[in-house]
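Treat the numbers as computed from the prediction; the structure is a model and nothing was measured.
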Amino acid sequence: MIDAALFNQILVATGMGLVGAIVFAAIGLVSGTDETTTLAPLTLLVVLLGVPPEGVFTFFLAAAVAKHMTHAVPTALLGIPGDTMATPLLQDANVLRNLGVPHIALRKMVSGAIIAAFLAVPLAVLFAVLLAPYGAAITKAAPWIFVVAAVAIAYFSSGRWASVATLVPFVMVIVALQALTGKYGVKLSISYFLGIAIGPLVADLFSVISPAARARMKRDKVRTFSLAPDVKGWSGYFPNPFKVLDRGQVKWTFATAAISSATFVFSPVAMTVVLGELVGSRIKHAYHRLTTTLAARNGVTEATYIAEALIPLIAIGLPLSPVAAGPAAPLFNAPPVFTIDSATGQTHNLHNLLNHWEFLGYGMLAVILAALVAYPFTMNFARRAALFVSRKVSHEAIIATFVGLIVVISVWEGQLLGLLVILTMGLLGGLLSRAIGFNTGVQFMGYYTAVLTVPAVIKVFS
């Protein structure tokens with residue numbers, strides 16, 4: 001007989017995983033919905049509502065896996081990236097779309113994603129367990145590790161040395177804002193995180209009210225899309241991904257997913273590009289190269305997200321990866337529920353509340369739920385869904401929804417000061433990201449450098 005408490009935990013995890021899978025399978029259909037802007041605030045809301053740890057974890061992972069399946073729909077069928085991680089897939093997807101086979105591109109991408117997700121969870125947990133014995137030493141050295149990781153992630157961003165140099169003034173702005181709010185007895189953490197997360201959105205909203213920027217944003221005509229007829233090549237509702245991909249494509253998907261499941265400190269977009277280029281360089285036939293590369297790259301988007309969230313979370317409890325510091329940040333630090341002590345680096349978050357077997361079990365549950373919701377939906381109804389979204393769904397309404405959610409959370413944490421910090425961090429971060437490639441992953445590492453490394457430096461020299 002299964003223990004009653006465990007049964008209730010599984011029920012909660014299943015329910016929250018289904019919610020995450022359904023919501024983000026739908027969000028993934030909307031082009032340009034960045035993971036940090038959407039996944040992070042809703043995960044934060046789930047944490048603050050008091051959902052049990054297993055429910056929070058399953059919600060996040062099922063949401064991430066589902067989104068990285070359905071983001072293939074606008075990428076393959078409409079020629080516009082579903083989110084940031086879909087950008088490296090766009091060129092090959094457009095070639096197949098111009099050849100009149102976007103449905104083939106879509107099926108290869110989604111099948112690669114589901115295979116990689118099932119492989120990435122156990123591998124990421126295994127690598128985390130191997131790293132866990134060094135967790136105490138890493139935690140003690142956390143203030144210095146963060147600054148090294150911040151510099152490394154900045155260097156590997158699109159801004160390169162400009163991003164590395166920008167870290168210093170960016171950190172100083174955060175330290176100054178902390179000092180300002182501290183004078184009024186207001187201690188903020190979520191507001192900084194949300195401000196960075198929605199930086200590009202805030203920058204766009206400010207651009208709209210600028211005559212000069214608005215003139216550059218204007219278009220002469222409404223953008224149009226062409227959708228090819230849907231062709232179904234299987235019977236039943238749930239196609240077998242191992243039959244959608246050929247043996248060579250399955251092999252490359254496994255190989256690239258295994259590699260990306262072991263690496264958790266590099267940019268997810270960079271991993272997708274590099275491993276995709278590796279696969280493409282090994283295949284001579286043009287059509288087979290395109291379809292294989294798409295399957296492997298979308299598998300990497302899944303595996304990288306899973307690994308970069310799970311390995312730091314399980315082994316250390318500190319957000320030492322771009323994904324952990326970005327979309328997965330609420331799993332690490334969401335005061336007052338989950339906390340990281342800025343003075344000692346001690347944690348109270350999912351790292352402390354779930355064991356290795358629970359991470360593995362609930363992680364596999366999340367992937368199963370996402371696969372049951374997003375995979376057959378994408379394979380069977382992608383064209384109709386893309387048509388509905390492009391015609392009926394208002395991007396402005398989606399943006400307004402997230403803006404309203406973020407305003408509520410910021411006012412809850414810090415009243416007017418919380419809202420002002422979000423606007424300041426959002427505008428600064430959004431403009432820096434757009435101008436020099438100082439992306440949100442680097443900005444999150446800058447935030448943790450400000451709250452962990454700067455106090456440690458001051459303590460050394462005081």
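- Scanning both residues, Ala307 and Ala124, for their nearest heavy atoms gives CA-CB, 3.9 Å.
- Partners of His68 according to the ring pair (Phe, Tyr, Trp, His ring centres under 6.0 Å) rule, which considers only residues two or more places apart in sequence or in another chain, are His71, Tyr305.
- Of all the heavy atoms in Gly280 and Arg289, the pair that sits closest is O-CD, 3.0 Å.
- With rounding to the nearest 0.5 Å, the separation of CG in Leu369 from CZ in Phe59 is 12.5 Å.
- To the nearest 0.5 angstrom, Thr181 atom OG1 is 5.0 Å from Leu188 atom CG.
- The shortest heavy-atom contact between Ala371 and Met69 is CA-CE, 4.1 Å.
- A distance-only check finds a donor-acceptor pair linking the side chain of Asn349 to the backbone of Gly317 [under 3.5 Å].
- The two atoms that bring Ala374 and Thr70 nearest to each other are CB-CG2, 4.2 Å, heavy atoms only.
- In this structure, the side chain of Thr43 engages the main chain of Leu39 through a donor-acceptor pair within 3.5 Å.
- For the salt bridge (Lys or Arg N to Asp or Glu O under 4.0 Å) condition, no pair includes a residue of residues 160-171, sequence neighbours left out.
- The side-chain heavy atoms of Ser111 and Met379, taken from C-beta on, include a pair separated by under 4.5 Å.
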* Apply the test side chain to side chain contact (heavy atoms under 4.5 Å, CB included) to residues Phe24 and Leu42: give CA-CA distance (whole Å), side-chain angles for both, the deciding distance (0.1 Å), then the verdict. => CA-CA 10 Å; Phe24 279 89; Leu42 286 184; 3.6 Å; yes
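- Annotation: side chain of Trp144 is in contact with side chain of Val457 (closest heavy-atom distance under 4.5 Å).
- Of the inter-residue distances, the one linking Thr256 atom OG1 with Leu278 atom CG reads 8.5 Å to the nearest 0.5 angstrom.
- Between the side chain of Thr58 and the backbone N or O of Gly17 there is no donor-acceptor pair closer than 3.5 Å.
- For Phe57 and Phe359, the ring centers sit closer than 6.0 Å to each other.
- The distance from atom OG1 of Thr424 to atom CG of Leu417, rounded to the nearest 0.5 Å, is 10.0 Å.
- Taking a cutoff of 4.0 Å between a charged side-chain nitrogen and a carboxylate oxygen, Lys67 and Glu302 do not qualify as a salt bridge.
- Taken to the nearest 0.5 Å, the OG1 atom of Thr291 stands 8.5 Å off from the CD1 atom of Ile104.
- With 3.5 Å as the limit, one finds no donor-acceptor pair spanning the side chains of Thr339 and Asn333.
- Side-chain N or O atoms of Glu54 include none that pairs as donor or acceptor with a backbone N or O of Ala13 at under 3.5 Å.
- Considering all non-hydrogen atoms of both residues, Met425 and Tyr192 come closest at CG-CD2, 4.0 Å.
- Atom CE of Met109 and atom OG1 of Thr301 lie 8.0 Å apart (nearest 0.5 Å).
- Arg297 and Asp92 are joined by a salt bridge, as a carboxylate oxygen and a charged side-chain nitrogen come within less than 4.0 angstrom of each other.
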* Criterion side chain to side chain contact (heavy atoms under 4.5 Å, CB included) on Leu48 and Phe338, from CA distance to verdict -> CA-CA 9 Å; Leu48 296 179; Phe338 299 152; over 6 Å; no
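- Leu420 places none of its side-chain heavy atoms less than 4.5 Å from the side chain of Leu177.
- When side chains are defined from C-beta on, Lys108 does not count as touching Asn298, because their heavy atoms never get closer than 4.5 Å.
- Using a 4.5 Å heavy-atom threshold, the side chains of Thr293 and Leu89 count as separate.
- Leu431 has its side chain out of reach of Phe438: every pair of non-hydrogen atoms, C-beta onward, lies at least 4.5 Å apart.
- Nearest heavy-atom pair across Pro330 and Val47 is O-CG2, 4.0 Å.
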